[in-house]
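To start, the structure under review is shown below, and the notes come after it.
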Amino acid sequence: MVLSPLMSTFDPMPLLRDAFPTYSGSPTPVHLAGDASNRVYHRLHLGGGGEWPESAVVMQIGGDPLKSNEATGGSRPLELPFLSVQRYLAALELPVPTIYAFDAANGLMLLEDLGDEMLFCALENASPDERLAQYADALDLLVEFQRRTARLAPPTVVAEQRFEPAFLDWELEHFREYGLKRPFRGAEIPVWERAKRTIVERIAQTPYIVVHRDFQSRNLMRHAGRLYLIDFQDALFGPTSYDLVALLRDSYIDLDEGSVDALLEAYLGRLEPAELPRGADAF
């Protein structure tokens with residue numbers, strides 16, 4: 001299965017008949033803007049009918065969905081990671097979109113429509129007090145995610161992937177290439193290599209837990225009165241602080257240092273002593 005990210009023409013009816021056998025409409029897919037991956041999203045307006053919702057979202061999967069371009073060291077999964085991770089999180093009663101149907105042959109998935117209200121939208125023009133209130137909800141969800149995933153062993157696709165030294169090195173080189181956007185030369189090279197070794201060694205010494213890996217404002221959707229998780233297919237084992245850093249050092253929202261400190265304190269205040277094995281200062 002190889003789909004171009006720009007290839008959006010498809011027939012939604014097989015998916016809809018699989019999910020809702022009595023559905024008889026013929027909705028036109030409406031493209032949803034904005035995604036940095038090779039996945040393309042479309043909304044279907046179904047009109048509601050008791051057996052089906054007012055709307056649903058089709059995720060169109062591009063490329064080879066089982067292939068990773070990262071140095072994770074994990075084996076090639078037997079199942080689409082989105083499916084296995086969604087099933088795991090749903091079993092833990094964490095807020096994730098329902099999967100109505102999946103057409104593996106054509107790379108199409110029919111999902112619960114969570115609407116358009118990303119946490120990012122609520123934060124972008126909020127007052128400082130409103131921002132802190134929004135972040136309080138996100139911190140509650142993060143702690144809930146961490147506690148519940150600690151209770152039940154994750155699926156193979158998550159358990160086999162972790163931030164091993166080789167993967168951490170790959171991530172830092174990824175940052176150099178796409179963040180700094182230049183190679184290092186001459187005397188810079190040994191400085192860079194020493195910095196990488198120091199960072200990798202420090203991270204490798206921290207406790208590891210299941211991390212969402214992209215817990216940030218565009219991957220938290222407000223729906224039905226609470227925040228939902230999306231884009232969770234890359235979950236793996238990583239440092240306890242990883243998801244908190246993703247939230248408070250968000251690529252899309254700039255928080256001042258005072259707010260970061262206040263939210264860090266608020267997060268630590270939500271944890272039990274046993275959840276901070278080396279104490280707040282070490283964290």
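For the numbers below, each heavy atom of this structure counts, side chains included, while hydrogens, waters and symmetry mates do not. Keep in mind the model is a prediction, meaning the values are calculated, not measured.
- Contact annotation: the side chain of Leu16 approaches that of Pro27 to within less than 4.5 Å [non-hydrogen atoms, C-beta and beyond].
- The salt bridge (Lys or Arg N to Asp or Glu O under 4.0 Å) search around Asp113 returns Arg43, not counting sequence neighbours.
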**Asked** Passes side-chain contact (heavy atoms from CB on, under 4.5 Å), Phe102 versus Leu111? Steps please.
**Response** CA-CA 9 Å; Phe102 178 49; Leu111 294 161; over 6 Å; no

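- Between Asp256 and Arg131, no side-chain nitrogen of the basic residue sits less than 4.0 Å from a carboxylate oxygen of the acidic one, so the salt-bridge criterion is not met.
- Pairs engaging residues 83-92 under the side-chain hydrogen bond (donor to acceptor under 3.5 Å, both in side chains) rule: Glu79-Arg87 [sequence neighbours left out].
- In this view, Arg151 satisfies the salt bridge (Lys or Arg N to Asp or Glu O under 4.0 Å) rule with no residue, not counting sequence neighbours.
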**Item:** Residue pair Arg218, Glu117: steps toward the salt bridge (Lys or Arg N to Asp or Glu O under 4.0 Å) verdict
**Value:** CA-CA 9 Å; Arg218 288 177 178 250; Glu117 191 181 345; over 6 Å; no

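- Relative orientation of the His174 and Trp170 rings is parallel, given thresholds of 30° and 60° on the angle between their planes.
- Listed by first and then second residue, the salt bridge (charged side-chain N to carboxylate O under 4.0 Å, His left out) pairs that reach into residues 263-276 are Asp140-Arg270, Arg147-Glu275, sequence neighbours excluded.
- Distance check: Leu248 CG to Asp261 CG gives 9.5 Å after rounding to the nearest 0.5 Å.
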I'd like a table of donor-acceptor pairs (distance under 3.5 Å, sequence neighbours excluded) in which one partner is a side-chain atom from residues 185-197, with atom names and distances.
unit_1, atom_1, unit_2, atom_2, d
Glu188, OE1, Arg182, NH1, 3.2
Glu188, OE1, Arg185, N, 3.0
Glu188, OE2, Arg182, NH2, 3.1
Trp192, NE1, Glu173, OE2, 2.9
Lys196, NZ, Asp169, OD2, 3.0
Lys196, NZ, Glu173, OE2, 2.7

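- For Tyr228, the ring pair (Phe, Tyr, Trp, His ring centres under 6.0 Å) test picks out His223, with sequence neighbours left out.
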